[in-house]
Structure formats: C-alpha cells, structure tokens
Amino acid sequence: MKTYHTIRLILGDQLNEQHSWYKQIDSGTLYVMMELRSETDYVKHHIQKVVAFFSAMRAFAARLKEMGHDVYYVPLDEPGNAGSFTANLNLLFTATSAKRFEYQLPDEYRLDKELRQFCSEAGFPYSVYDSEHFLSHRDDLRRFFEGKKQYLMESFYRKMRLDYKILLDGDQPHGGKWNYDAENRESWSHTGGIPEPSLPRRETEGWQAWLESCGVSTIGELAPIFDWPITRTEGLQLLSFFIEHQLPWFGKFQDAMTVQHRFLFHSRLSFLMNVKLIHPLEVIQAAESAYRKEPGRYPLAAVEGFIRQILGWREYMRGMYWAFIPGYSHMNYFGHERPLPNWFWTGETRMRCMQAAIGQSLETAYAHHIQRLMITGNFALLAGIHPDAVDEWYLGIYVDAVEWVQLPNTRGMSQFADGGLVGTKPYVSSAAYINKMSDYCKGCAYQPKLKTGDGACPFNSLYWHFYHRNREKLATNPRIGMVYPTLDKMANREALLEQAEKYLQQLDHL
Ligand code: FAD
Ligand code: SF4
C-alpha cells in the first residue's frame, strides 16, 4: 500500500462533499470509509436502511475519487475487514505508515467515545473537525437553557430564526407570528392526486443474499426496485420536487393520515439530511425563497411549519441529545416494563391504524411524523412498553434513524420517559383523535366509539388506564387540563379500567 502522512476517517453519515476537507487535494492524505459489522449489528436494522447507507457511502467514495482524492473503502466482506473502526484503523496506520489522524465530530455518543479513546490510546497527533452540517453547535442548546427549568423548543426556534435571519422582517417574524401551527392540523380531504418524484430506480437483486452471506440479519422488506435517493444530485432533485409540488400542501395536511397514500405531502428529506448529502440551510432557504417569489402559491403556514421542523425541531433534538446523553438513554419515568407486542415486527394486528403504520414501515422503512408519534408511539406509551424496546424498534426500522435524532424523539417526545424534558405533556390520545385525523377507523375490526365490550377500540380504555395508573406523576401537570376531573366523574370507570386490564393481558393478540 502507498504511504500517507494523514488518515482522515469519514463516517457513514458524513457524506458532505461540500466540507472544507475536500477543497484541496493532497496526495499524502488518505480518506477512509468502512462498512462494519459493529454498525450493522448494534440494532437489527431495516434492510432498506442498510442498503441506503451502504449505497450512499459507496457512491460518495466514488464521488471523492472523481474529485481527485485518495480513498480507501473497506467493504463489509473484505477479508481484512476487522469489523470495527479502531481495529481497522490500527491496521491501516501500520500499512500506510501514516503519522496523523483526523476525523469529523461524530453525531452519536457511542462513536464519539470510541474515537476519543482511539486517539488517546494511539498516541499520535490528531485533529477533530466540525462536520459543518448543523446550524447550531452541540452545546449551544445546553448553554441557551442554562439555569432554566424548561427546555422549550419554541424559544430555541425563535433564537435560530433570528440567528439565521429566516422568515423575518427586520427582527420581527414575517407575517406577525412566529408559529402558525394552529393552521396546520387538517384531516385528509385532498381530492387531487399527489405527484410522485421520478428518482433513479435501482435494482436490488443480490443485496439480500449478500447481506445474509455476510451474516447480517435485518428486518423489513426489500422490493426489486429501490428508489431512496443516495447521492447529492438525487437529493437536490427531490428537494426541488418537494418545493415545487408538495410544499404548498405540506402544512395543511402535515398531521393527516390515510391508507390511500404513504408519503402524503411529506418531503422524505430526512435520510438525505441525516447522512449530510444535503445541508439543512439549503433546504430552509429553498422553502423561504420559493415563498418570497410566489407568496400567492405558498401559504405562510406551510412554509413556516416546514422550516420549523428543520430549523427548530431538528436542531433542538440534536441539542437535547448532547445535553442529556449518556443518561438519557436509560430514562424510564413511568417505569414501564412490558415487551413490545410481536406484531410490531409483522404488522399482523386487527387494529387497522397499527397495521397501516407498521405495515408501511416494514415495506418502505418510512412513516411520517404523526404515524410515528400518534399511532405506534401513542400505543406503546399507553400499553406501558419498556422504552428500551421502543427505542430499539424505532432505531432499526426507519431509513433516517440515527441515534441523535431517534432517541430524543422516541424516548422524549413520544414516550415521555424523560419526565418532560422534551415535551411538556405526554402525547397520548384515544381513538377520537385517530378517527378525526385519518381514515384508519373505517373498516377496522374495532369500533372507535366503543370504550368497553366486544369490539371496543383498545386506544380508548388504554388511554384512561394510562392516566389512572400514572396519576401521581401527572395530576399536577398544568397541561393535562380536565383529564382527572373527567376520569373521576366517569360512571363506567371501573368497567373501562377492567377492559384495559384485559387488553394489557393479551397485547400480542390485539
Ligand atoms: P417532513 O415531514 O417532510 O419534515 C421535514 C424535515 O423536518 C424532516 O426531513 C426532518 O429532518 C425534520 N423533522 C421533522 N420533525 C422532526 C423531529 N421531530 N425531529 C427532528 N427532525 C424533524 N427523524 C429522523 O430524522 N430520524 C429518526 O430516527 C426519527 N425518529 C423518530 C421517532 C419518533 C417516535 C418520532 C415521533 C419522530 C421521529 N423522527 C425522526 C422525526 C420525524 O418523524 C422524521 O424526521 C420525519 O417523519 C421524516 O420524514 P420527512 O423527511 O418526510 O419529514
Ligand atoms: Fe385504530 Fe381504534 Fe381506529 Fe381501529 S378503531 S383504527 S384500533 S383507533
């Protein structure tokens, strides 16, 4: 192998060709990328997630070579692949005689720790670079909320709007309000079609057998054609498509759910941003500039709502992750202990909402936010599933699942296992909300209006059981409103709780 003075490691979610690293070509620097069993196996991933990551990494390595850089790519089945970053790096340092190590800040605590340890043990000079992707630094959120009791996303979001001068008139929010969320809660009533982007369609033949031959077990399905975008060019294509054809309706139907469409008007940009093929600021600016050019075509509520997801929620979740990791991954505020029902891995349940959200997740490695929060997450919380099991499922099943964003969303926003750091109250609902926001209940084996008896929707009794069993922890929460006075006045309370107990005993058979 040729000798090099420096090895630069590129992680699988650091596919940012605009990084300042790549501005100059240095033949003494070797860029290293690795497919590893430590990454395929820390949780059982959806097969489409593995294929998307490896395909994007391979395409990125080819792109860097095309740009003139020296790249060493270690495939999963290369005989010399020792299976972990540190073991492979040790081999490469010996083979190349390199004397210096450089890497970009990892976004996961696990890798951050592993690489820091590698550097301290290796004893040679090293530098750590920013990944030049996020719009706030790891510790900005912690500093912003220093000494405050609550970590309100809305306050952080306003600061980010001001810092980046997004949707502002002077220093005031454009349109007079910071947040137009109240206008973004319509149920599904769209009568026209939803256009589909024409992305490259790659054949997947061979992937499944190859992964099996490498000993990697996965979940979910891999159709013969794979159309997740895996390069920057394709990502920009999807972004333009979203801005042109979907953003105008994004806000209105942001929380809607239907069996007719999987993606509705959602952007599907999370994977592309999470592996850093596209930058959050270019997404935000594309949305704002479309609105500024044609305000008549783009409702402000849609544009603000979309920008808030990225400039607000995405940055906020990352800041919360770094503010509370590693302790965050063990939080279990309600002390929930139940295992995940088996049908989370098959979608085979009579509950049509769960069937739709899980079935679609297994088929496409995607569900939109309200499906994750108010269907699967809602059920797991009501049923008292252990947050470790819930985390494992979410971390494995979605193509965009990386721990810094999955963990605070799952354990925090969806399971309230952090006791209210991310959300001020648990996101739970009975069937009434699901019936209002979706067409799932029509044709379900259960009745959304029935609380007890044969065919009663499990969400109804489990909702009240959740509040009943957690009274001590929730009764003083000012955001819970009339829940406890209503529960206390209920004539059929005992029957309702008994119904819930019955369902809790047979979760695997719902
Ligand atoms: P759109 O609806 O088009 O939204 C645009 C973008 O906003 C997304 O691409 C995403 O980057 C950002 N965004 C929206 N909501 C959030 C949020 N709550 N936190 C962070 N960013 C957000 N997102 C992930 O990227 N990875 C995960 O592993 C993940 N796990 C989740 C688990 C649970 C239980 C919940 C409730 C949410 C999770 N989310 C996660 C957030 C959100 O559901 C996804 O980002 C979104 O569904 C991705 O689809 P999209 O790109 O079509 O999003
Ligand atoms: Fe889901 Fe209940 Fe509606 Fe069935 S009736 S789809 S279980 S909310």
Side-chain angles (χ1 to χ4, degrees), residues 13 49 153 184 238-239 242 246-247 250-251 253-255 257 259 262-275 278 280 283-284 287 305-318 320-321 349-357 361 365-381 387 390-391 393-415 422-423 427 429-450 455-463 503 510:
D13 65 349
K49 180 181 174 189
M153 193 291 292
N184 288 345
L238 184 61
L239 171 61
F242 169 75
Q246 294 175 289
L247 180 58
F250 173 85
F253 298 120
Q254 194 179 338
D255 290 359
M257 296 170 282
V259 284
R262 287 156 175 189
F263 305 113
L264 291 92
F265 291 106
H266 292 274
S267 69
R268 280 170 270 180
L269 292 171
S270 50
F271 169 74
L272 288 156
M273 278 191 278
N274 292 355
V275 296
I278 57 176
V283 178
I284 292 166
F306 179 69
I307 288 176
R308 181 166 11 95
Q309 305 311 310
I310 299 168
L311 188 60
W313 282 110
R314 189 169 186 266
E315 295 290 324
Y316 170 83
M317 289 301 191
R318 174 165 180 266
M320 289 300 280
Y321 177 79
T349 160
R350 286 178 300 143
M351 291 188 281
R352 195 160 181 245
C353 53
M354 297 294 282
Q355 205 183 75
S361 304
Y366 179 91
H368 68 71
H369 186 69
I370 293 300
Q371 292 176 305
R372 299 186 202 196
L373 186 65
M374 295 311 295
I375 303 294
T376 41
N378 184 9
F379 184 86
L381 179 53
V390 186
D391 267 340
W393 189 80
Y394 280 99
L395 188 56
I397 201 159
Y398 293 118
V399 69
D400 57 27
V402 273
E403 195 190 64
W404 65 265
V405 55
Q406 172 276 325
L407 186 71
N409 265 298
T410 304
R411 208 167 266 255
M413 184 190 264
S414 134
Q415 298 302 294
V422 163
Y427 279 99
S429 83
S430 63
Y433 173 85
I434 298 172
N435 199 16
K436 178 172 153 237
M437 296 308 296
S438 76
D439 53 12
Y440 293 151
C441 300
K442 290 182 196 87
C444 178
Y446 296 99
Q447 300 296 316
K449 296 228 161 77
L450 275 186
C457 169
F459 279 87
N460 293 334
S461 52
L462 290 177
Y463 174 82
Y503 281 148
L510 289 180

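Just follow the structure's listing: the first ligand is 1, and inside any ligand the first atom is 1.
Tyr433 meets the side-chain hydrogen bond (donor to acceptor under 3.5 Å, both in side chains) test with no other residue; sequence neighbours excluded. Applying the ring-ring contact (aromatic ring centres under 6.0 Å, His included) rule to Phe271 yields the partners Phe53; only residues at least two apart in sequence or on another chain are considered. Evaluation of the ring-ring contact (aromatic ring centres under 6.0 Å, His included) rule for Tyr321 yields no partner, not counting sequence neighbours.
Polar contact with ligand 1: present for Ser270 (N/O pair, distance under 3.5 Å). Considering both main-chain and side-chain atoms, Thr410 never comes within under 3.5 Å of ligand 1 through any nitrogen or oxygen pair. Below 3.5 Å of separation, one finds no N or O of Tyr394 facing any N or O of ligand 1. The shortest N or O to N or O distance between Leu269 and ligand 1 is under 3.5 Å.
Counting only protein atoms, the N, O or S atoms lying less than 2.8 Å from atom 3 (Fe) of ligand 2 are Cys441 SG, ordered by chain and residue number.
Nearest-heavy-atom check against atom 35 (C) of ligand 1 across Val405, Ile375, Asn409, Val390 picks out Asn409. Of the listed options Arg268, Gln309, Met153, His266, Gln309 places a heavy atom closest to atom 12 (C) of ligand 1. Here atom 29 (C) of ligand 1 lies nearest to Arg372 when heavy atoms of Glu403, Arg372, Arg318, Arg411 are compared. Within the set Tyr366, Phe306, Trp404, the minimum heavy-atom distance to atom 52 (O) of ligand 1 is found for Tyr366.
At least one heavy atom of Phe250 sits closer than 4.0 Å to an atom of ligand 1.
When each atom of ligand 1 is checked for a heavy atom of Ala367 under 4.0 Å away, the hits are 47 (O). In summary, the atoms of ligand 1 found under 4.0 Å from a heavy atom of Leu373, numbered by their order in the structure, are 36 (C). The distance from ligand 1 to the heavy atoms of Met317 drops below 4.0 Å at these ligand atoms: 19 (N).
Here Met273 has side-chain heavy atoms under 4.0 Å from ligand 1, and that is the only part of it that gets that close.
Counting only N and O atoms by type, the side chains of Thr376 and Tyr394 include a donor and acceptor under 3.5 Å apart.
A donor-acceptor contact shorter than 3.5 Å is absent between the side chain of Asn460 and the backbone of Lys449.
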